[in-house]
Amino acid sequence: MSLPRYVGTGDYEPTDWNTVALSLEGTHDSDPEIGWYTHQLTGAWQSVEVRLANAVGSDELSVVINGAESAELRLRIDTLISAFSVDVAPS
């Protein structure tokens, strides 16, 4: 499952993901104003704003999702982010 499907826009096509990947080039999460790629997902059920940026100094991606109004969508978003997050154990 993907976030676009959960808001009611259907699944993204490979060309959609290529656009996102290209839009991430040059982003960096240390600049909250211009360092992020913002994408609005407006679907049949809900609308959310997804912000993505490369994490400075690593191969990670920073993700912020705003506007999830239903508890069900917030839980799904949390689950998706948890599933793809890398937990780093303290040393």
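Around the CG atom of Asp59, the shell of radius 6.0 Å holds no more than 12 heavy atoms that belong to other residues, nucleotides or ligands.
Counting all heavy atoms, side chain and backbone alike, Ala68 lies closest to Arg74 at O-NH1, 3.2 Å. Closest of all the heavy-atom pairs between Ser2 and Leu80 is C-CD1, 4.4 Å.
Checked against side chain to side chain contact (heavy atoms under 4.5 Å, CB included), Thr79 has the following partners two or more places apart in sequence or in another chain: Leu75.
The main-chain N or O of Gly35 is never found under 3.5 Å from a side-chain atom of Asp29 such that the two would form a donor-acceptor pair. One N or O on the side chain of Thr19 and one on the backbone of Thr15 form a donor-acceptor pair closer than 3.5 Å. Within the 3.5 Å criterion, the main-chain N or O of Pro4 finds a donor-acceptor partner in the side chain of Thr9. At distances below 3.5 Å, not a single donor-acceptor pair connects side-chain atoms of Arg51 with backbone N or O atoms of Trp36.
Within the 4.5 Å cutoff, side-chain heavy atoms of Leu73 are placed close to those of Val48. Within the 4.5 Å cutoff, the side chain of Ile77 has no heavy atoms near those of the Tyr6 side chain.
Atom OG of Ser70 is separated from atom CZ of Arg76 by 8.5 Å, given to the nearest 0.5 angstrom. The distance from atom CD1 of Ile65 to atom CG of Leu52, rounded to the nearest 0.5 Å, is 8.0 Å. Separation of atoms CG (Leu24) and NE2 (His39) is listed at 11.5 Å; rounding is to 0.5 Å. Rounded to the nearest 0.5 angstrom, Thr27 OG1 and Leu61 CG are separated by 7.0 Å. The structure places CZ of Arg5 at 13.5 Å from CG of Leu41, a figure rounded to the nearest 0.5 Å.
Hydrophobic cluster membership differs between Val64 and Ile81, with clusters built from Ile, Leu, Val, Met, Phe, Trp and Tyr side chains linked at under 4.5 angstrom. By the rule that hydrophobic residues join a cluster once side-chain heavy atoms approach within less than 4.5 Å of another member, Leu22 and Val20 end up as members of separate clusters.
Using modelled atom types, one finds no donor on one side chain facing an acceptor on the other under 3.5 Å when comparing Glu49 with Thr38.
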